[in-house]
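Written out below as structure tokens is the structure these notes cover.
These figures come from a predicted structure and were not determined experimentally.
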There are 2 protein chains.
Amino acid sequence: MPNAEALAALRLPGFLPYRLATLSNRISRTIARLYSERFDLSIPEWRCMAILGETPDISATEVAERGALDKVAVSRAIARLRAKGRVERHIAPDDRRRSVLALSAAGEKIYREIVPLALAYEEALLKRLSDEERATLDRILRRLESMDLEKLVE
Amino acid sequence: MPNAEALAALRLPGFLPYRLATLSNRISRTIARLYSERFDLSIPEWRCMAILGETPDISATEVAERGALDKVAVSRAIARLRAKGRVERHIAPDDRRRSVLALSAAGEKIYREIVPLALAYEEALLKRLSDEERATLDRILRRLESMDLEKLVE
DNA sequence: GGCAATCAGTTTCATTTGAAACTAATATAA
DNA sequence: TTATATTAGTTTCAAATGAAACTGATTGCC
């Protein structure tokens, strides 16, 4: 009598982690294409610019924290942005290990071009949802974001 | 009078594409760690196994379609799974280009171990949501999934 | 039949990513 | 002070990924 216990079915298309991963990858890819074609900007570069555009004069470590990037990714992104003249770096006077990063004038200019595009993209996504659905989505995401996923795995 | 037009603010933490990407990456990383530590299985390998576990005897192209993977990723994942003896491949009698893939007995065994873990993980995520929130999340995801993202970018 | 176009799957090569080691500066503490 | 540990950021090296070229099989069309 093989397989007496029925195995609960796992259908990938309905599996939440799979759905989130594929949806978010599709969104990220289209956005990445938009940014890279028009502005020669990778996703980590764009994240760094977005953070520095809103909060200038912070260190690489702070950029990493705010942008959910690791410090290696930030180091590389900032190096490229500096090479393109979009970010300027100074040394913190009180701690010469720390850098003080900010968009250059050229970086600012690009930032101001991208922000409306990014917001329009988001609005196009949200347009399909009712106000109530948007509120629920926000609440759900906040709840999932606040979970300690590492401890979820036993 | 510089900057007469106020720039609409873009706060990354509230930006939907950013939220989806970081949340889904965190979930994927914890799951990947779970699978790889216990079962020596990467995400693409796990996806292939999940698909073949539910729908055996399909071709690599079908695996790719169902698993939202490109054919290169499937080719590599299947090669590794075959090397580990978890997947068996035959040649389709009617078309000798096409392969017919299925889990081996060893693959089946692992599959049956993983499915309950995966479902438990999902359940732990969903446990925090009310029935109504779950239904709304499902509806929202379906709506976003059905969007033609490529055309969203003008 | 025979020849071009298409399709399934693989391989190659360049780029990206991630983990760990590393450098330089600062903090801690004997 | 002077060792020791910690922190900020970079570099290195191996593995993962993606795009394009490739191989072998099939189809469509003359």
Side-chain angles (χ1 to χ4, degrees), chain A residues 21-22 24-26 28-33 35-37 40-48 51-52 57-84 87-102 150, chain B residues 21-22 24-26 28-33 35-37 40-48 51-52 57-84 87-102 150:
Chain A
T22 51
S24 131
N25 285 345
R26 284 209 305 139
S28 289
R29 263 202 311 275
T30 49
I31 293 189
R33 205 150 40 77
Y35 294 161
S36 74
E37 282 175 5
D40 182 29
L41 211 54
S42 71
I43 291 267
E45 283 167 51
W46 149 244
R47 282 219 196 141
C48 289
I51 290 158
L52 293 175
D57 300 318
I58 59 177
S59 70
T61 302
E62 274 176 270
V63 172
E65 283 162 6
R66 288 168 188 263
L69 295 165
D70 67 65
K71 63 179 183 170
V72 177
V74 171
S75 174
R76 297 199 253 236
I78 295 294
R80 278 181 291 220
L81 289 170
R82 292 214 307 143
K84 292 180 208 156
V87 162
E88 280 167 6
R89 176 172 68 174
H90 296 94
I91 301 298
D94 57 317
D95 183 344
R96 285 172 21 226
R97 290 170 303 184
R98 202 145 28 95
S99 54
V100 177
L101 303 167
E150 286 64 35
Chain B
T22 52
S24 131
N25 285 347
R26 285 210 303 139
S28 289
R29 263 202 311 275
T30 49
I31 293 188
R33 203 150 41 74
Y35 294 162
S36 75
E37 282 175 5
D40 181 28
L41 210 54
S42 70
I43 292 267
E45 283 167 51
W46 151 242
R47 283 218 196 141
C48 290
I51 290 158
L52 293 175
D57 300 318
I58 59 178
S59 70
T61 301
E62 274 176 89
V63 172
E65 281 161 7
R66 287 167 188 263
L69 295 164
D70 66 65
K71 63 179 181 169
V72 177
V74 171
S75 174
R76 296 199 254 238
I78 295 294
R80 276 181 293 221
L81 289 170
R82 291 215 306 145
K84 292 178 209 158
V87 162
E88 278 166 6
R89 175 174 68 174
H90 296 93
I91 301 298
D94 57 317
D95 182 344
R96 286 178 13 232
R97 292 171 302 183
R98 202 144 29 93
S99 53
V100 177
L101 303 167
E150 285 64 34

- Note on the structure: In whole angstroms, the gap separating C1' of D/dG9 from NE2 of A/H90 amounts to 17 Å

- Item | Contact under 4.0 Å: A/S75 side-chain N or O vs D/dT11 OP1/OP2 | no

- Item | For A/I91 against A/V100, the heavy-atom pair lying closest together | C-CG2, 4.4 Å

- Query: Which atom pair, heavy atoms only, marks the closest approach of B/S99 to B/A60?
  - Reply: OG-N, 3.8 Å

- Query: Are A/C48 and A/L81 side-chain neighbours, meaning at least one heavy-atom pair lies under 4.5 Å?
  - Reply: yes

Name every donor-acceptor pair, under 3.5 Å, that has one atom in a side chain of residues 64-75 of chain B and the other anywhere in the protein, sequence neighbours excluded.
| residue | atom | partner | partner atom | Å |
| --- | --- | --- | --- | --- |
| B/D70 | OD1 | B/V72 | N | 2.9 |
| B/D70 | OD1 | B/A73 | N | 2.9 |

- Closest non-hydrogen atoms of A/A32 and A/I43, given as atom of the first, atom of the second and distance, are CB-CG1, 3.8 Å

- Atom CD1 of B/I43 to atom P of C/dT17: distance rounded to whole Å? 17 Å

- Interatomic distance, B/L101 CG vs C/dA8 C1' [rounded to whole Å]: 11 Å

- Note on the structure: A correct 5'-to-3' footprint of nucleotides 14-27 of chain D, with B, S and - meaning base, sugar-phosphate only and no protein heavy atom under 4.0 Å, is --SBB-B---BBS-

- Can you name the nearest heavy-atom pair linking B/S59 to B/R98, along with the distance? CB-CG, 3.5 Å

- Query: According to a strict under-4.0 Å criterion, is A/S59 in side-chain N/O contact with OP1 or OP2 of D/dA8?
  - Reply: no

- Between D/dT10 atom P and A/L81 atom CG, what is the distance in whole Å? 12 Å

- Distance in angstrom units between B/I78 CD1 and C/dG9 P, rounded: 10 Å

- Query: Could you state the CZ-C1' distance from A/R82 to D/dG9, rounded to the nearest angstrom?
  - Reply: 11 Å

- Message: Looking only at the side chain of B/R98 (C-beta and beyond, no hydrogens), which of the listed nucleotides D/dG9, C/dA8, C/dT10 gets closest?
- Response: C/dA8

